[in-house]
**Student:** 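This is the structure I have questions about; it appears just below.
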Amino acid sequence: MTSVFDLFKIGIGPSSSHTVGPMVAARRFREALPAGTRRITAELFGSLAWTGKGHASDRAIALGLMGARPETLEPDDVPGMVARLTIRKSIEVNGARIAFDPEADLIFDFDALMPLHSNAMRFRAYGEDGALIDEQIFYSVGGGFVVAEGEAREPEAVEVPHPFAKASELLSACARTGLSIAGLQMANECALRPADEVEARLDALLAAMFASIDRGLAQEGTLPGRLRVRRRAKAIRDQLEADRLANRRPPHEIMDWVSVFAMAVNEENAAGGRIVTAPTNGAAGIVPAVLRYVRDICPDTTHAQLRDFLLTAAAVGALIKRNASISGAEVGCQGEVGSAAAMAAAGLACVLGASPAQIENAAEIAMEHHLGMTCDPIGGLVQIPCIERNAFGANKAIAAASLAMRGDGVHLVSLDQVIETMRQTGADMQSKYKETSQGGLAVNVPEC
């Protein structure tokens, strides 16, 4: 079973595949180091090599080898940690000093490709005499998930009361039990951990999402990286507030608010701030923006409904992750922004009182209209077109939920069919359009 906490994870930016995943992999390697290790090296392949600098993959691996965890690392502590490593050129593990010089021991291989996934890393440990004593290969498969070579990509199945692998099975389970999608997902979550723990962790996710919006709306200046992209969320928010005070309120004002909520999160992500992977960092602004729309603009929304939003979104995200992919390196941005929009559309429809069939329809509409979207970040940075793309994804999610609510849930194209179409489209897509910065906008817009 894919839990809500597999799809939504508190971490740091700018990329779940290229930052969070490498940090997790490096920490796992650190925790399994054999006795007698005197030196460590790390190699990045494929998409991790091509866009790793822009996504701070090198910094993430260094932090993971120092023992950092994405979910607890304070972004403000990072510069000091990196500076100490640069000076000492070693890490400490269980009291032993082990050589690791990021300049010499972290290698970007732009030519080789590993067989299982484009996002590949190889760690090596050397003993006293320089002999190789351990080697591990990891794949960052999207959403911060990491799989070691030879390890099953999906975790071992846990018996839950209402298993489902397809949207059709999810709808059948709802019809059979009388449960909503949120209720069914909650029952399954409670097979993994107590209900009060599930609720507490859902509340922590909600708090982190709203905090990332608030912080993003308050920040000014320029985002890290050679593009020198200016933060825009605060300026747009200030304009909207000024218009409100002057009673200049055009009908599309709500769309602007949704856009700025999403942009605030993704500017925080680009700056390496704390965000919630939802289901990836590159698409982290969509679900929080629609949640903020629900909380602040939709009338009479309760806190319990916000939890149900996340549970419903997770059920849809689990279907996409299981049957296609949420990784831009595998299927392009349709797997990131498209998945997030489908999840947000489902969550919003749930809060608005939709039936399970209407919720499935909302997710299908949102996913269908992201099919074929490439992942072509300029300079390998999660900034252009990623930040604005989240704004559009959030507004598309609201439009999809609204359209579905105007119908009765009966529609021609099923969510299962559109997920399979997304998988096939991603498989056919050339690699240069899948998070490598070798095609699309990444090569047609000069970095200046």
Side-chain angles (χ1 to χ4, degrees), residues 13-14 75 206-276 278 281-301 306 309 333 336-337 340-341 344-345 347-348 351 366 369-370 377-379 381-402 441 445 447-448:
L206 290 168
M209 287 180 177
F210 293 140
S212 67
I213 293 175
D214 290 337
R215 192 172 194 281
L217 290 175
Q219 301 301 308
E220 296 179 288
T222 304
L223 294 171
R226 56 189 179 273
L227 297 181
R228 306 295 296 167
V229 172
R230 289 183 299 109
R231 285 182 180 256
R232 291 182 290 163
K234 182 180 184 299
I236 295 172
R237 191 277 308 269
D238 291 346
Q239 292 171 21
L240 287 167
E241 289 290 359
D243 287 348
R244 180 179 64 83
L245 293 173
N247 202 28
R248 296 189 299 264
R249 308 191 74 172
H252 62 266
E253 176 194 40
I254 290 176
M255 294 176 62
D256 291 340
W257 275 112
V258 172
S259 294
V260 81
F261 293 153
M263 291 172 67
V265 175
N266 282 83
E267 288 178 356
E268 277 298 286
N269 178 62
R274 186 181 303 284
I275 52 91
V276 176
N281 283 33
I286 295 170
V287 168
V290 179
L291 271 165
R292 187 66 163 255
Y293 165 80
V294 167
R295 193 193 75 175
D296 292 0
I297 298 173
C298 295
D300 303 322
T301 302
L306 299 181
F309 183 116
C333 204
E336 298 201 27
V337 166
L348 174 58
V351 172
H369 297 291
H370 285 89
I378 298 175
L381 299 167
V382 192
Q383 297 177 15
I384 304 174
C386 317
I387 294 170
E388 287 182 354
R389 193 166 279 179
N390 274 256
F392 278 82
N395 277 290
K396 279 187 179 182
I398 295 172
S402 180
L441 284 174
V445 178
E447 296 179 30
C448 58

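Residue indices begin at 1 and follow the sequence shown.
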**Student:** Answer yes or no: is there a side-chain heavy-atom contact under 4.5 Å between Val351 and Cys298?
**Tutor:**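 Sidechains of Cys298 and Val351: no contact.
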
**Student:** Side-chain atoms of residues 258-266: list all donor-acceptor pairs with protein atoms under 3.5 Å, sequence neighbours left out, distances to 0.1 Å.
**Tutor:**
{"from": "Ser259", "atom 1": "OG", "to": "Met255", "atom 2": "O", "distance (Å)": "3.0"}
{"from": "Ser259", "atom 1": "OG", "to": "Asn395", "atom 2": "ND2", "distance (Å)": "3.0"}
{"from": "Asn266", "atom 1": "OD1", "to": "Gly285", "atom 2": "N", "distance (Å)": "2.9"}
{"from": "Asn266", "atom 1": "ND2", "to": "Gly282", "atom 2": "O", "distance (Å)": "3.3"}

**Student:** To the nearest 0.5 Å, tell me how far Cys386 SG sits from Leu441 CG.
**Tutor:**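 Spacing of SG (Cys386) from CG (Leu441) equals 9.5 Å.
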
**Student:** Quick check: do Ile384 and Val445 have side-chain heavy atoms less than 4.5 Å from each other?
**Tutor:**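 Sidechains of Val445 and Ile384: no contact.
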
**Student:** With Gln219, which residues qualify under side chain to side chain contact (heavy atoms under 4.5 Å, CB included), at least two apart?
**Tutor:**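 Side chain to side chain contact (heavy atoms under 4.5 Å, CB included) check on Gln219 returns Arg215, Arg231, Glu268.
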
**Student:** A side-chain contact here means heavy atoms from C-beta on lying under 4.5 Å apart; do Leu348 and Tyr293 qualify?
**Tutor:**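 Yes - at least one pair of side-chain heavy atoms lies under 4.5 Å apart.
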
**Student:** Using 0.5 Å steps for rounding, measure from the CG atom of Leu381 to the CZ atom of Arg228.
**Tutor:**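 Spacing of CG (Leu381) from CZ (Arg228) equals 12.0 Å.
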
**Student:** Is it the case that the side chain of Lys396 and the backbone of Ala341 share a donor-acceptor pair, with hydrogens and angles ignored and the cut-off at 3.5 Å?
**Tutor:**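 Here the side-chain-to-backbone pair does not exist.
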
**Student:** Rounded to the nearest 0.5 Å, how far does CD of Glu336 lie from NE2 of His370?
**Tutor:**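 Between atom NE2 of His370 and atom CD of Glu336 there are 12.0 Å.
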
**Student:** Return each pair, listed once, that meets salt bridge (charged side-chain N to carboxylate O under 4.0 Å, His left out) where at least one residue sits in residues 254-264; pairs must be two or more places apart or across chains.
**Tutor:**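 Checked against salt bridge (charged side-chain N to carboxylate O under 4.0 Å, His left out) - neighbours excluded - no pair reaches residues 254-264.
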
**Student:** Under 4.5 Å between any side-chain heavy atoms of Val337 and Phe392, yes or no?
**Tutor:**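 Val337 does not reach Phe392 side chain to side chain.
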
**Student:** Please check this pair: side chain of Glu267 against backbone of Leu223, looking for a donor-acceptor N/O pair closer than 3.5 Å.
**Tutor:**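 No; zero donor-acceptor contacts below 3.5 Å.
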
**Student:** Using side-chain heavy atoms (C-beta onward) and a distance below 4.5 Å, is Asp243 in contact with Glu253?
**Tutor:**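 Sidechains of Glu253 and Asp243: no contact.
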
**Student:** Taking atom CZ of Arg248 as the centre, report whether more than 12 heavy atoms of other residues, nucleotides or ligands fall under 6.0 Å from it.
**Tutor:**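 Yes - once you tally the heavy atoms of other residues, nucleotides and ligands closer than 6.0 Å, there are more than 12.
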
**Student:** Kindly indicate whether the side chain of Phe309, heavy atoms from C-beta on, has any atom under 4.5 Å from the side chain of Thr301.
**Tutor:**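 No. Closest side-chain heavy atoms not under 4.5 Å.
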
